[in-house]
Amino acid sequence: MHPALDWQEDDLSSAPMVSPPPKQQRLARLPGELPMAVAAAIWRGDQLGGPVSAVLSSGFEALDAQLPGGGWPCHGVIEILASQSGMLEWRLLGPALRQVCAAGRAVVVVGPPKAPHLPGLRFEGIDERHLVWVRADTAAERLWSAEQLIKANACGALVVWLPQARAEQVRRLQVLAASCEGPVFLCRPSAAVRESSAAPLRLMARVGLDWELHLEIFKRKGPPLQDTLRLGSVPGGLRAILTPRLRFPSRLLPSDMSRETDHVVVSTPAPDRPHRAVH
């Protein structure tokens, strides 16, 4: 045999034998059980949804704990319903808007019912150099302005007042907001709670007695919140001058008004007697 062939045979005989890896055994699953990768990607309606995009902290720890992802979701519309429009929204959104201004991005407000009070916003840490106020009087102007700002991705946060928005208009804003990096806050009256909306997050906001904000989250990615959130929200200009008594006005009122009237005897008035005519 040729020497080269002898060398090849000897080399092959001295090489270690490598056996093919054993076939992985398929783990048996119970009937109806999904693969782990599929099960991890499924969101169940009775669970609080996880973050599907970036979020912006609301500045309220108790509220972040109830929001999917732990904050105001970006790339979407957030509906805030309130009966006192134009004032309550600033107290609720102030901590989040402060973060946007601190990052050097613009906060754009479209069609607020009242002119922004710059001294009050400074107390909330909102720098007027990063605040843009778009004056739009009609519903068509507000809607057009909001759409253009969302398309251009021109702001870190957008707050627009649309008291007469229709369902198809809200749906269009939600579709456009998917490409917007910042959150889009849509402020509407409390009567809109009975209307359908494409906004994935909707909440009702009211003012409490002890400088609180009462929030009801009735639509979110997860079950509706059964309890009312009570968030401490003293306006910035009053924090330094409120006395301990005025910090809790409810303590100045009677705890139970019925107790003060239980001992009062109430008698029915006597029927009016007919008057005799005098001639």
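It should be emphasised that the depicted structure is a prediction, and the values quoted were computed from it without experimental measurement. By convention here, the first residue in the shown sequence is residue 1.
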S.K.: Any sub-3.5 Å donor-acceptor pair from Arg220's side-chain atoms to Pro223's backbone N or O?
M.R.: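 Here the side-chain-to-backbone pair exists.
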S.K.: Inspect the contact between Glu216 and Arg206 and indicate whether a charged nitrogen and a carboxylate oxygen are less than 4.0 angstrom apart.
M.R.: yes
S.K.: Can any side-chain N or O of Asp127 pair as donor or acceptor with the backbone N or O of Arg129 at less than 3.5 Å?
M.R.: yes
S.K.: Nearest heavy-atom pair of Pro95 and Ser58: which atoms, and what distance?
M.R.: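 Here Pro95 and Ser58 meet closest at CB-O, 3.4 Å.
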S.K.: Hey, what do you get for CG (Leu203) to CG (Leu92), rounding to the nearest 0.5 Å?
M.R.: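 Nearest 0.5 Å value for the CG-CG distance: 6.5 Å.
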S.K.: Does the His75 side chain pair with the main chain of Cys180, one donor and one acceptor, at a distance under 3.5 Å?
M.R.: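 Flag set: sc His75 to bb Cys180 pair under 3.5 Å.
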S.K.: To the nearest 0.5 Å, how far apart are CD in Gln164 and CD in Gln169?
M.R.: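 CD of Gln169 is found 9.5 Å from CD of Gln164.
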S.K.: Side chains of His214 and Val207: closer than 4.5 Å at any heavy-atom pair?
M.R.: no
S.K.: Taking all non-hydrogen atoms of both residues, which atom of Ser83 and which atom of Ser190 are closest, and how far apart?
M.R.: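 Between these two residues, the closest heavy atoms are CB-OG, 3.8 Å.
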S.K.: Out of curiosity, Ser179 OG to Ile150 CD1, how far, rounded to the nearest 0.5 Å?
M.R.: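 Nearest 0.5 Å value for the OG-CD1 distance: 8.0 Å.
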S.K.: On a heavy-atom basis, which atom in Ala167 and which in Ser196 lie closest, and how many Å separate them?
M.R.: CB-O, 4.1 Å
S.K.: Taking all atoms of both residues into account, what is the closest heavy-atom pair of Asp64 and Gly71, and its distance?
M.R.: OD1-CA, 3.6 Å
S.K.: Tell me whether Glu141 contacts the main-chain N or O of Asp137 through its side chain, where contact means a donor paired with an acceptor under 3.5 Å.
M.R.: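 The answer is yes, because a donor-acceptor pair under 3.5 Å joins these two groups.
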S.K.: Taking the side chain as C-beta and beyond, is there a heavy-atom pair between Val134 and Val108 under 4.5 Å?
M.R.: yes
S.K.: Can you say whether the rings of Trp90 and Trp161 are parallel (under 30°), tilted (30 to 60°) or perpendicular (over 60°)?
M.R.: tilted
S.K.: Indicate yes or no for a side-chain donor-acceptor contact from Lys219 to the backbone of Ala199 under 3.5 Å, with no hydrogens or angles considered.
M.R.: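 Yes, the answer is positive, given that a donor and an acceptor are paired below the 3.5 Å cut-off.
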S.K.: How long is the gap from NE2 on His117 to CD on Glu124, to the nearest 0.5 Å?
M.R.: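 It is 12.0 Å, given to the nearest 0.5 Å.
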S.K.: Applying the side-chain hydrogen bond (donor to acceptor under 3.5 Å, both in side chains) test to Glu168, which of Arg166, Arg171, Arg172 qualifies?
M.R.: Arg166
S.K.: Keeping the roles fixed (side chain from Ser145, backbone from Arg142), state whether a donor-acceptor pair exists under 3.5 Å.
M.R.: no
S.K.: When rounded to the nearest 0.5 angstrom, what is the spacing between CD in Gln66 and CG in Leu225?
M.R.: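 Answer for the CD-CG pair, Gln66 versus Leu225, is 5.0 Å.
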S.K.: Go through it in stages, so that I can follow the logic: the residues are Trp72 and Leu93, the test is side-chain contact (heavy atoms from CB on, under 4.5 Å), and I'd like the CA-CA distance, side-chain angles, deciding distance and then a yes or no.
M.R.: CA-CA 10 Å; Trp72 297 121; Leu93 302 179; 4.1 Å; yes
S.K.: Give a yes or no on whether Phe60 and Leu215 share a hydrophobic cluster (residues Ile, Leu, Val, Met, Phe, Trp, Tyr; joining criterion: side-chain heavy atoms under 4.5 Å apart).
M.R.: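 Looking at the clustering, Leu215 is in the same group as Phe60.
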S.K.: Is the shortest side-chain heavy-atom distance between Pro112 and Trp133 below 4.5 Å?
M.R.: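 When only atoms from C-beta onward are counted, Trp133 and Pro112 do touch, with a gap below 4.5 Å.
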S.K.: Quick one, Val170 with Leu186, criterion side-chain contact (heavy atoms from CB on, under 4.5 Å). Give me CA distance, side-chain angles, the key distance, then yes/no.
M.R.: CA-CA 9 Å; Val170 178; Leu186 184 59; 3.9 Å; yes
S.K.: Please find the pair of heavy atoms, one from Glu212 and one from Arg230, that lie closest to each other, and give the distance.
M.R.: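 Scanning both residues completely, I find the closest heavy atoms to be OE1-CD, 4.1 Å.
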S.K.: Under a 4.5 Å cut-off applied to non-hydrogen side-chain atoms, are Leu63 and Leu229 in contact?
M.R.: yes
S.K.: Are there over 12 heavy-atom neighbours, none belonging to Arg135, within less than 6.0 Å of that residue's CZ?
M.R.: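 12 or below, so no.
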S.K.: Looking at Glu195 and Arg188, is there a salt bridge between them, counting it only when a charged N and a carboxylate O are closer than 4.0 Å?
M.R.: yes
S.K.: Would you say the side chains of Glu128 and His130 form a donor-acceptor pair under 3.5 Å?
M.R.: no
S.K.: side-chain contact (heavy atoms from CB on, under 4.5 Å) for Leu201 and Ile217? Distances and angles first, verdict last.
M.R.: CA-CA 8 Å; Leu201 178 60; Ile217 304 177; 4.1 Å; yes
S.K.: Quick check against the 3.5 Å criterion: does Gln174 have a side-chain atom that pairs as donor or acceptor with the backbone of Val77?
M.R.: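 Yes.
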S.K.: Using a 4.5 Å cut-off on heavy atoms from C-beta on, say whether the side chain of Cys187 contacts that of Leu162.
M.R.: no
S.K.: Is Ile80 linked to Val193 within one hydrophobic cluster, defined over Ile, Leu, Val, Met, Phe, Trp and Tyr using a side-chain heavy-atom separation of less than 4.5 Å?
M.R.: no
S.K.: If two hydrophobic side chains count as joined below 4.5 Å and joins carry through other members, does Val110 share a cluster with Leu173?
M.R.: yes
S.K.: How far apart are the C-alpha atoms of Glu181 and Arg105, what are their side-chain angles, what is the distance that settles it, and do they pass the salt bridge (charged side-chain N to carboxylate O under 4.0 Å, His left out) test?
M.R.: CA-CA 11 Å; Glu181 295 181 2; Arg105 301 209 61 186; 3.4 Å; yes
S.K.: Is there a path of hydrophobic side-chain contacts, each under 4.5 Å between heavy atoms, that joins Leu158 and Val100?
M.R.: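 Different clusters: Leu158 never reaches Val100 through Ile, Leu, Val, Met, Phe, Trp or Tyr contacts under 4.5 Å.
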S.K.: Is there a side-chain contact (heavy atoms from CB on, under 4.5 Å) between Leu131 and Cys101? Walk through the geometry before answering.
M.R.: CA-CA 8 Å; Leu131 180 65; Cys101 293; 5.9 Å; no
S.K.: Looking at Glu79, is its backbone amide N or carbonyl O close enough to the side chain of Arg202 to form a donor-acceptor pair, meaning the two atoms are under 3.5 Å apart?
M.R.: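 Pair absent, no side-chain N/O of Arg202 close to backbone of Glu79.
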S.K.: Cluster question for you: counting only ILVMFWY and a side-chain heavy-atom cut-off of under 4.5 Å, with indirect links fine, are Ile78 and Leu143 together?
M.R.: no
S.K.: For the residue pair Leu121 and Pro116, what are the closest heavy atoms and their distance?
M.R.: CD1-CB, 4.0 Å
S.K.: Find out whether Leu81 and Phe218 are in side-chain contact, i.e. whether some heavy atom of one side chain is under 4.5 Å from a heavy atom of the other.
M.R.: yes
